[in-house]
Amino acid sequence: MSSRRSSRSRQSGTSRNISDEQITDLVSKLQQLLPEIRNRRSDKVSASKVLQETCNYIKNLHREVDDLSDRLSELLASTDMDSDQAAIIRSLLM
């Protein structure tokens with residue numbers, strides 16, 4: 001992979017190279033952030049698997065944000081804006 005990456009950098013004219021050690025460090029940091037991988041017993045996970053799981057995790061987070069946003073919109077639409085409940089919701093959003 002290193003030789004392919006180096007040749008691509010030369011072809012694209014990129015003068016800034018990232019070392020294999022830096023890539024390994026970044027993949028390791030990603031791995032620590034992902035619950036799906038972090039909870040596994042094995043420390044050996046391929047970089048491609050970490051990247052794939054990262055993409056899946058981000059997609060799931062987007063879905064959760066969308067769902068929570070929809071639920072909040074429904075809640076706000078069904079709440080009297082002068083009620084104590086509405087005041088609590090507004091304080092949480094600020």
Rounded to the nearest 0.5 Å, what's the gap from NZ on Lys59 to OG1 on Thr54? Could you check?
11.5 Å
Is Asp70 atom CG crowded by more than 12 heavy atoms from other residues, nucleotides or ligands, each under 6.0 Å away?
yes
So CG of Leu51 and CG of Asn56: to nearest 0.5 Å the spacing works out to 11.0 Å
Spacing of CD1 belonging to Ile18 relative to CG belonging to Leu26, to within rounding of 0.5 Å
5.0 Å
Can you list, by chain and residue number, the hydrophobic cluster partners of Leu33 when the side-chain cut-off is 4.5 Å?
none
Evaluate the side-chain proximity of Gln85 to Leu75: yes if any heavy-atom separation is below 4.5 Å, no if none is.
yes
To the nearest 0.5 Å, what is the distance between OG (Ser83) and CE (Met81)?
8.0 Å
Between Val50 and Ser46, is there a side-chain heavy-atom distance shorter than 4.5 Å?
no
So Leu72 and Ile89, do their side chains get closer than 4.5 Å, heavy atoms only?
yes
Evaluate whether atom CD of Glu21 has more than 12 neighbouring non-hydrogen atoms of other residues, nucleotides or ligands under 6.0 angstrom away.
no
What closest approach, in Å, do Ile37 and Lys49 show between heavy atoms, and which atom pair accounts for it?
CD1-O, 4.2 Å
In one Ile/Leu/Val/Met/Phe/Trp/Tyr side-chain cluster, 4.5 Å: Leu30, Leu61:
yes
Examine distances only and state if a side-chain atom of Ser28 and a backbone atom of Thr24 form a donor-acceptor pair shorter than 3.5 Å.
no
Gln31 side, atom CD; Lys44 side, atom NZ - distance, nearest 0.5 Å
10.0 Å
Residues passing the salt bridge (Lys or Arg N to Asp or Glu O under 4.0 Å) test with Lys29, sequence neighbours excluded, are Asp25
How long is the straight-line distance from CG of Leu34 back to CD1 of Ile58, given to the nearest 0.5 Å?
8.5 Å
